[in-house]
Amino acid sequence: MSNLKFRNIHFIIGFLLAMLTIPQVSNAQGNLLITPRRVVFDGSRRVMDITLANTGIDTATYNISLIQYRMNEDGSFTEISEPDPGQKFADGNLRFFPRRVTLAPNEAQMVKMQVTNLNKLEPGEYRSHAYFRSVPIVTALGEEAQNIDSTALSIQLIPIFGISIPVIIRVGTSDMSATISDMKLQTTPENTKQLSIKINREGSMSVYGDIQVTHVAPSGVETVLSNINGLAVYTPNKSRIVNIDLNPEKEIDYTTGKLVVTFVGQSNTKPQKYTEEVFNLK
């Protein structure tokens, strides 16, 4: 058995890196830049463009597909195959082209996304996620170096990057609203301050916007402690818990004054203020 020669074994390990990035800024991971970060069909518009750009130094190929996610109460996502009660998938009413894109370094290409049979959909919100998965470059066996020790066990780790963005179809009147409750000021293990809040969603559509936390001192001096952009509560979820890290570089007396939490919806026209709540400090 000592003379037995083992062939090199190559393992490909894949993992999904889901990105929630700042609105008005594209998703970026694995040298792939995507604009916009979410696609919403909420009117007469039937076709939208998604721009993919390769910011790396090597040519890259991506497969494009539609997948389904459940949003958990902590904001994380779980891939599912069947909708939860009250959830509606959008993939049956979406077409896109191309389904595979190869980009040279610094090259960009558009993917066309089209909504179909809109008139046949009942009022409500339909959501799926466009998933852009990198295709690993695997060296052919005939191209492997000839001086590799064939008795050794080699492991080749090839990361497979993936980015997903929500694609939403809205039918009917958008009646979404949001409130904030269950606010708690807590201290992290790193001895920094964190504000925990619950965002409560109402209506038939998801809410999506920006949160700002401001400290107001008894003297009236205001200090912005945190900004979270592009935060969503998707249907059918009724709430989401958000832990907001407060800027440790700001010298704040957390025993006096108040924290003002503002949640403003993002819009292509006029931003909508969902809610503003006050947490009194003691």
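The analysis underlying the following values was restricted to heavy atoms, covering all of them including side chains, and did not include hydrogens, waters or symmetry mates. Each residue takes its place number in the sequence, starting with 1.
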Rounded distance (nearest 0.5 Å) linking atom CD of Glu202 with atom OG of Ser239: 10.0 Å
For His215, side chain to side chain donor-acceptor pair (under 3.5 Å) partners two or more places apart: none
Arg240/Glu73 salt bridge by N-O under 4.0 Å criterion: no
Lys/Arg cation over aromatic Tyr234: Arg127, 6.0 Å, 45° cone: yes
Ring-face cation of Arg99 near Phe96 (centre distance under 6.0 Å, axis angle within 45°): yes
Contact summary for Thr51 and Met110, nearest pair of heavy atoms: OG1-CG, 3.9 Å
Parallel, tilted or perpendicular: ring planes of His129 versus Tyr69, cut at 30 and 60 degrees: perpendicular
Under 3.5 Å donor-acceptor, Thr192 side chain and Pro248 backbone: no
Option from Thr214, Leu246, Val260, Ile244 for which side chain to side chain contact (heavy atoms under 4.5 Å, CB included) with Leu225 holds: Leu246
Residues forming a salt bridge (charged side-chain N to carboxylate O under 4.0 Å, His left out) with Lys112, sequence neighbours excluded: Asp49
Lys238 atom NZ, neighbour heavy-atom count above 12 within 6.0 Å: yes
Thr59 and Leu103, any side-chain heavy atoms less than 4.5 Å apart: no
